[in-house]
Amino acid sequence: MKPVVLAGGTGSRLWPKSRAALPKQFLSLTSNSTMLQDTVTRLKGTNAEPPVFICNDAHRFLVAEQLRKKNIEHDGILLEPVGRNTAPAIALAALHATKTGNDPVLLVLAADHLIKDQEAFHSAIVKAGALANEGKLVTFGIVPDKPHTGYGYIKAGKVLNVGFEVADFVEKPQPETAKQYVESGDFFWNSGMFMFKASRYIEELGKYNPEMLEVCRRAIETEAPDLDFIRVDSEIFSTCPDDSIDYAVMEKTDSAAMVPLDAGWSDAGSWTSLWETADKDEDGNVCVGDTILEKTRNSYVNAEQRLVSVIGLEDVIVVETKDAVMVAHKDDAQSIKNVVNKLKAEKRPEFEFHREVFRPWGSYDSIDNGARFQVKRITVKPGEKLSVQMHHHRAEHWIVVSGSANVTIDDNTKLVTENESVYIPIGAVHALENPGKIPLELIEVQSGAYLGEDDIVRFSDRYGRVDKK
């Protein structure tokens, strides 16, 4: 069994924690590990081979770093040059898996789901594997515990030796219809998880969407390794039709089957769903971080940086980060997407980045800014190096707080240690490297007429982020 982990998506309904540059699959929302890490570690005890991951180019180092931290072995991180939905992404994985003549059973998983009952999940995988080996395209139908209007539904058809044939896929229903579905016992939530032989998915995709398959074939023929990553040609893949696996294949094939899954599943798609699945105190509250609640009931409060106190409220969501606070009624948590869209339209940094931004070499935290200045706390991991770069509009002062730094300015390189500082004038070609065994911590003070992150010209970079030769 070859797991295929889909690690795309933005998780905009979980703002302000989830943002474009750090979406929910890379956050620790339901355990001490990130959702991506939990997706892989819950497969322990199955016959899973090292998984293949699929993500967009911007998140590639996040995936690689989170796998490294948990010592998770993998079979490559496939990079989508552009987002084209789940059907093409899975096609790339299937074609990649069969290039050497193998035909594994693929277990397609989202990187951002919660599954509480691991034993029940493993049991469902075994049942789905049996159907997949018979040539079925299997989906996992979640046994509903209430009428839910936020999920699509699957109607069970003919009973198979394990599971059911799929009679129908239906869209997200209205409340009364959802109630009828649940009461009938014939409908299950559509989980977005699948299992099938790679060759069978390729065959069915070719039958119902040959244009998509042809583009994916041509793209995978160009695959080339790059560190932990597998790249395909951007121009070719950008011509691929955009469609989900449900619309492109599952709703059209006559080989669709479903295995019921009752394992405490949630897509963790909103703050309300996180409240529903979390352990609550005697007042029905879920609290994360430094919080004090008084006369507050059935609420979710998540504090990241400061003490958050909530008094005299019911059914609210309160989420605090270093640079934003969000307060919403639980019944209107879906409207968070509207706030995110406004942030995007106004080109505000809170749409894409947290105050602390992660890079393949470490991270930086923008701790203060004003007219013509900005202050950052920069952490560089041992042995890592920032790109060789220059700025047209800003000068920088670096003050080393802990560790040591190899600093290159034009043609000169010197070692800068704790309590020492260095000045980089506007236009100077410079680089920063941590040659030591402990993290390098430094304070960077920028000054100039323009301090945007796009005022960086990279001349060389070990992570492939070169702008200019």
Side-chain angles (χ1 to χ4, degrees), residues 21-22 26 57-66 68-69 226-229 322-323 349 352-469:
L22 190 68
F26 305 116
D57 191 79
H59 297 150
R60 66 192 188 279
F61 292 112
L62 283 171
V63 175
E65 176 67 8
Q66 293 200 355
R68 185 195 65 79
K69 283 185 175 180
D226 173 19
L227 301 176
D228 290 317
F229 315 114
K322 290 180 179 180
D323 61 351
E352 185 169 5
F353 296 108
H354 284 269
R355 203 184 77 178
E356 185 174 10
V357 177
F358 294 90
R359 294 290 188 243
W361 44 260
S363 64
Y364 67 82
D365 188 353
S366 299
I367 57 180
D368 196 12
N369 64 81
R372 298 181 63 88
F373 82 91
Q374 182 169 217
V375 182
K376 293 181 177 180
R377 183 174 64 236
I378 295 176
T379 302
V380 184
K381 294 181 288 189
E384 299 298 333
K385 181 180 180 180
L386 281 68
S387 59
V388 179
Q389 58 185 253
M390 61 88 72
H391 312 294
H392 290 294
H393 303 289
R394 73 174 185 246
E396 296 174 344
H397 284 88
W398 293 344
I399 304 99
V400 175
V401 177
S402 64
S404 57
N406 273 336
V407 178
T408 299
I409 304 175
D410 291 328
D411 296 325
N412 299 312
T413 299
K414 66 176 182 177
L415 185 68
V416 182
T417 59
E418 294 181 9
N419 300 316
E420 295 182 339
S421 63
V422 65
Y423 172 68
I424 299 96
I426 292 175
V429 177
H430 59 280
L432 173 67
E433 182 177 12
N434 180 0
K437 301 296 184 183
I438 64 172
L440 164 65
E441 303 278 350
L442 61 86
I443 299 298
E444 175 182 271
V445 181
Q446 303 175 357
S447 60
Y450 180 73
L451 305 175
E453 285 300 308
D454 54 349
D455 181 26
I456 300 177
V457 179
R458 293 185 175 94
F459 297 96
S460 66
D461 181 66
R462 63 175 58 175
Y463 312 109
R465 306 168 300 162
V466 177
D467 305 303
K468 184 176 180 179
K469 300 295 184 184

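- Under the 4.5 Å side-chain criterion, counting only non-hydrogen atoms from C-beta, Glu384 is in contact with Arg462.
- The pair Lys381-Glu65 meets the salt-bridge criterion, since a charged nitrogen lies less than 4.0 angstrom from a carboxylate oxygen.
- Side-chain contact between Val429 and His391 is absent, with no heavy-atom pair separated by less than 4.5 Å.
- Counting all heavy atoms, side chain and backbone alike, Ala395 lies closest to Ile426 at N-CG1, 3.5 Å.
- Salt-bridge annotation for Glu433 and Lys414: absent, with no side-chain N of the basic residue lying under 4.0 Å from a carboxylate O of the acidic one.
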Next on the checklist: I'd like to know whether Gln66 forms a side chain to side chain contact (heavy atoms under 4.5 Å, CB included) with Phe26, so could you lay out the CA-CA distance, the side-chain angles of the two residues, the decisive distance to 0.1 Å, and finally the verdict.
Outcome noted: CA-CA 8 Å; Gln66 293 200 355; Phe26 305 116; 3.4 Å; yes
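- The shortest non-hydrogen separation linking Asp365 to Arg355 is OD1-NE, 2.7 Å.
- Note: Phe353 and Tyr364 fail the aromatic proximity criterion, with ring centroids not under 6.0 Å apart.
- Contact check for Gln374 versus Glu444: no side-chain heavy atoms found under the 4.5 Å cut-off.
- Looking only at side-chain heavy atoms (C-beta outward), His393 and Leu451 stay at 4.5 Å or farther from each other.
- Here the side chains of Leu442 and Leu432 are in contact, with some heavy-atom distance below 4.5 Å.
- Looking at Ser402 and Glu418, their side chains never bring a donor and an acceptor atom within 3.5 Å of each other.
- Side chains of Gln446 and Asn369 form no contact here, defined as non-hydrogen atoms less than 4.5 Å apart.
- Of all heavy-atom pairs spanning Leu415 and Ser404, the tightest one is CD1-CB, 4.0 Å.
- Side chain of Arg359 to backbone of Phe61: no donor-acceptor contact under 3.5 angstrom is found.
- The structure places CD1 of Ile456 at 11.5 Å from CE of Met390, a figure rounded to the nearest 0.5 Å.
- In this structure, OG on Ser363 lies 12.5 Å from NE2 on His354, to the nearest 0.5 angstrom.
- Scanning all heavy atoms of the two residues, the minimum distance from Ser421 to Val416 falls at N-CG1, 4.2 Å.
- With hydrogens and angles ignored, the 3.5 Å screen pairs a side-chain donor or acceptor of Asn434 with a backbone N or O of Val380.
- Distance check: Asp226 CG to Tyr463 OH gives 13.0 Å after rounding to the nearest 0.5 Å.
- Side chains of Pro382 and Leu440 form no contact here, defined as non-hydrogen atoms less than 4.5 Å apart.
- Residue Leu22 holds its CG atom at 6.5 Å from CZ of Phe358, rounded to the nearest 0.5 Å.
- How far OG of Ser447 is from CZ of Phe373: 10.5 Å, rounded to the nearest 0.5 Å.
- Shown here for Ile367 and Arg377, the closest heavy-atom pair between the two residues is CG2-NH1, 4.0 Å.
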Next on the checklist: Evaluate Val400 against Thr417 for side chain to side chain contact (heavy atoms under 4.5 Å, CB included), listing each step before the verdict.
Outcome noted: CA-CA 6 Å; Val400 175; Thr417 59; 5.7 Å; no
Checklist entry - Could you go step by step and tell me if Ile443 and Lys376 meet the side chain to side chain contact (heavy atoms under 4.5 Å, CB included) rule? => result CA-CA 6 Å; Ile443 299 298; Lys376 293 181 177 180; over 6 Å; no
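- Atom CD of Gln389 and atom CG of Asp461 lie 9.0 Å apart (nearest 0.5 Å).
- Residues Asp228 and Ala64 come closest through the heavy atom pair OD2-CB, 3.7 Å.
- You'll find the side chain of His430 stays beyond 4.5 Å of the side chain of Val407, heavy atoms only.
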